[in-house]
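Because only heavy atoms are used, hydrogens play no part in the values below, and waters and symmetry mates are left out as well, while side chains stay in. When a ligand or atom number is given, it counts from 1 through the structure's own listing order.
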Amino acid sequence: MTNVKSLRGRDFITLMDYTTDEIKYLLSLSRDLKSRYYQGERYNDILRGGKTLLMIFEKPSTRTRVSLDVAATQLGMHVIYSNPQELQLGRGETIADTARVVDRFVDAIAARVYKHESLIEMAKYAVVPVINALSDKEHPLQVLADALTLWEVKGRLDGIKLAFVGDGDNNMAHSLMIIGGAKLGWEVRIISPRKYWPSKFAESLTEDARRTGGANIIISDNIEDVRGVDAVYTDVWVSMGMEAEAEERRKVFRPYQVNAELMRKAGPQAVFMHCLPA
Ligand code: NVA
């Protein structure tokens, strides 16, 4: 049975490593803690005992950084925020050495990295859990929060239809395909110019998802396919680390802009979601 104990001590690098039950458990727990907090309850004794979260962010962050810090503080943890320049990583110390050293002091590491492989390397050498706070491949914390929002707004977690419009092969599109399409059984429509179709990712996902209930993912370049969805989701066209392609991307993605006309096509039942920065 899924409970806090069965999740304790595990890395959180990709939602592929979590079962549907575990994801639902995490969402229920978040919903419960959120509602208790807004009713005035304080629970900063949950992680009492001087536990420390180290955040290492290679890229800028507003929402993930602040919400992680606030959440850890509300649970009773101490938080240290740093970037590679402030650590010896910036002077060439390896990820492996950094992980081996800091895990003697801290209880968890949350990292935002340019390359997903850096997280895998960190997790290989750190005994404490490593949390993905965004990589080029996935952004699991964001989509977990998005699933909670959809549950609250739509009143259900099942049978959601979501259209992601824009860069179909970025971290957000990937994580939405995992949580929605492969794990929660949603219909996830990726609507994107062909050059940015997540074909390889979707293929690998479908293979893995066979074991977890099957992926329900539709890939299209036709914006008319937003019709009838519960949610239209978009993201920046130029993700962090892709600045060199900015000019080309702005041209290619222009027809995939989410605006009032596109939302009209989707229908009055559709909510608009994004992870920003705009
Ligand atoms: N795809 C975006 C997400 C930002 C939250 C990026 O990686 O820059």
Side-chain angles (χ1 to χ4, degrees), residues 12-16 30 55-72 81 83-84 109-120 122 130-150 162-182 188-202 204-205 217 219 221 231-259 262 271-278:
F12 186 80
I13 291 179
T14 167
L15 282 166
M16 276 319 294
S30 308
M55 302 208 279
I56 305 176
F57 277 41
E58 290 179 352
K59 302 177 183 181
S61 171
T62 301
R63 281 150 284 271
T64 307
R65 174 184 172 175
V66 174
S67 58
L68 257 179
D69 194 327
V70 170
Y81 175 84
N83 61 44
I109 304 169
R112 171 167 284 201
V113 297
Y114 280 97
K115 288 195 170 26
H116 193 75
E117 292 69 32
S118 303
L119 290 172
I120 294 171
M122 205 174 276
V130 172
I131 300 165
N132 180 357
L134 182 145
S135 72
D136 55 338
K137 295 262 161 54
E138 290 179 41
H139 195 3
L141 286 176
Q142 172 75 47
V143 299
L144 209 49
D146 292 329
L148 179 60
T149 300
L150 276 169
L162 178 143
F164 178 89
V165 184
D167 180 358
D169 208 13
N170 77 8
N171 42 14
M172 279 306 306
H174 292 170
S175 290
L176 283 166
M177 285 190 275
I178 297 175
I179 196 166
V188 176
R189 306 180 192 170
I190 302 291
I191 305 175
S192 178
R194 272 167 194 264
K195 186 175 169 196
Y196 297 91
W197 277 8
S199 310
K200 261 204 211 137
F201 189 85
S204 65
L205 194 60
I217 294 164
I219 302 178
D221 61 356
V232 174
Y233 203 115
T234 196
D235 184 10
V236 287
W237 295 337
V238 185
S239 285
M240 291 177 275
M242 295 178 180
E243 290 75 10
E245 300 169 18
E247 205 177 319
E248 188 198 340
R249 286 172 164 265
R250 268 190 213 109
K251 274 188 224 138
V252 182
F253 288 118
R254 189 151 300 280
Y256 294 84
Q257 187 182 57
V258 177
N259 50 28
L262 186 134
V271 294
F272 169 56
M273 301 176 79
H274 56 73
C275 56
L276 282 172

- prompt: What residues, two or more places apart in sequence or in another chain, satisfy side chain to side chain contact (heavy atoms under 4.5 Å, CB included) together with P193?
  reply: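 Partners of P193 under the side chain to side chain contact (heavy atoms under 4.5 Å, CB included) test: Y196, V252, F253, Y256.
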task: Answer yes if the side chains of H139 and N170 hold a donor-acceptor pair under 3.5 Å, and no otherwise.
output: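 No donor-acceptor contact under 3.5 Å links the two side chains.
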Would you mind checking if [Y] and [X] are paired as a salt bridge, meaning a charged N to carboxylate O distance below 4.0 Å?
X: R249; Y: E243; answer: no
X: R250; Y: E245; answer: no
X: D136; Y: K115; answer: no

message: Given the ring of F164, does R189 sit roughly above its face, with NZ or CZ under 6.0 Å from the centre of the six-membered ring and within 45° of the axis?
response: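 Judged by the rule (NZ or CZ under 6.0 Å from the ring centre, within 45° of its axis), R189 is not positioned above F164.
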Protein N/O near ligand 1 N/O, under 3.5 Å, which pairs?
| unit_1 | atom_1 | unit_2 | atom_2 | d |
| --- | --- | --- | --- | --- |
| ligand 1 | 1 (N) | N171 | OD1 | 2.8 |
| ligand 1 | 1 (N) | D235 | OD2 | 2.6 |
| ligand 1 | 1 (N) | S239 | OG | 2.7 |
| ligand 1 | 7 (O) | N171 | ND2 | 2.8 |
| ligand 1 | 8 (O) | M240 | N | 2.8 |

